Amino acid sequence: FKSVAFLFPDGNMENGLKQLQTASKNSVLLRAESYYSLTWIYLNYENNYPKAIYYSKSLHELFPDNIHYLALYIKNLLLIQEYDEAEKLIISTNYESGDKYFQAQIYIFKGIIEEKKYMDNKISQEYYEKGIKDISGFGEYGNDYAAYAYSGLNRISAANNEKTYQQKSSVKNNVSS
């Protein structure tokens, strides 16, 4: 995007959001793209998770078999601390067969649920570590999700009065080198 953005004139953010909202309601061909763009903008740029949930839920309902839209919706639910609903969606999916990227996302989501809903740091840590291991093969595409897992591992380390997870990992790596 950035490599061709200079070809377009400067825009008006407020007007652009309104146009995307109009397209999400009225367009046939661009509805999904508009929902996705609005979800992405509200999640990553505006940090307006309650507003993003409308679009991520609509996108999931429009395409219930699309696991990438499902993962986006679950992520959004977790960001607004709707752990019960996120857990129901995870349970209802057959995440263990098929897409490895989706599986890794789900392990990280399950780690968040175990940590935040059930306060079970031991199981949460296992899910986080499994998710990080599995998503690392996807390079920068997995960085966003790995960051959630590493943040969780650091919270767990802090709760246990230990070095942060990153510090423990670098000590292990230096010892084995």
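Predicted model only: the values in this text are computed from it and were never measured.
- Between Tyr107 and Lys133, every side-chain heavy-atom pair lies at or beyond the 4.5 Å cut-off.
- Salt-bridge check for Lys110 with Glu114: failed, with every basic side-chain N at 4.0 Å or more from each acidic carboxylate O.
- In terms of hydrophobic clustering, with Ile, Leu, Val, Met, Phe, Trp and Tyr side chains grouped at heavy-atom distances under 4.5 Å, Leu30 and Leu62 are assigned to different clusters.
- Side chain of Ser58 to backbone of Tyr55: no donor-acceptor contact under 3.5 angstrom is found.
- Considering CD of Glu85 and CG of Leu78, their distance stands at 11.0 Å, rounded to 0.5 Å.
- Note that the CD1 atom of Ile53 and the OH atom of Tyr49 stand 12.0 Å from one another [nearest 0.5 Å].
- With rounding to the nearest 0.5 angstrom, the CD1 atom of Ile106 is 4.5 Å from the CD1 atom of Ile90.
- Between the side chain of Gln103 and the main chain of Glu96, a donor-acceptor pair closer than 3.5 Å is present.
- With respect to Glu46, the side-chain contact (heavy atoms from CB on, under 4.5 Å) criterion is satisfied by exactly one of Asn48, Asn44, Leu43: Asn48.
- Here the closest non-hydrogen pair linking Ile135 and Gly142 is CG1-CA, 3.7 Å.
- Environment of CD in Glu33: sparse, with no more than 12 heavy atoms of neighbouring residues, nucleotides or ligands closer than 6.0 Å.
- Both Tyr45 and Tyr36 are members of a single hydrophobic cluster when ILVMFWY side chains are connected at heavy-atom separations under 4.5 Å.
- In this structure, Asn76 and Lys57 have side chains that are not in contact, with every pair of non-hydrogen atoms separated by 4.5 Å or more.
- In this structure, the side chain to side chain donor-acceptor pair (under 3.5 Å) partners of Asp134, at least two apart in sequence or on a different chain, are Lys130.
- Residues Ile91 and Ile123 do not share a hydrophobic cluster, clusters being chains of Ile/Leu/Val/Met/Phe/Trp/Tyr side chains in contact below 4.5 Å.
- Taking 4.5 Å as the limit, some side-chain heavy atom of Tyr83 sits within range of a side-chain heavy atom of Lys116.
- With Ser157 contributing its side chain and Asn154 its backbone, the two residues share no donor-acceptor pair below 3.5 Å.
- Looking at Glu87 and Tyr118, their side chains do bring a donor and an acceptor atom within 3.5 Å of each other.
- Glu126 CD to Asn121 CG: the interatomic distance, rounded to the nearest 0.5 Å, is 11.5 Å.
- Ring centroids of Tyr145 and Phe109 are separated by less than 6.0 Å, placing the two rings close together.
- Side-chain atoms of Tyr128 and Glu115 form a donor-acceptor pair, as typed in the model, at a separation below 3.5 Å.
- The ring-ring contact (aromatic ring centres under 6.0 Å, His included) check on Tyr101 picks up Phe138, with sequence neighbours excluded.
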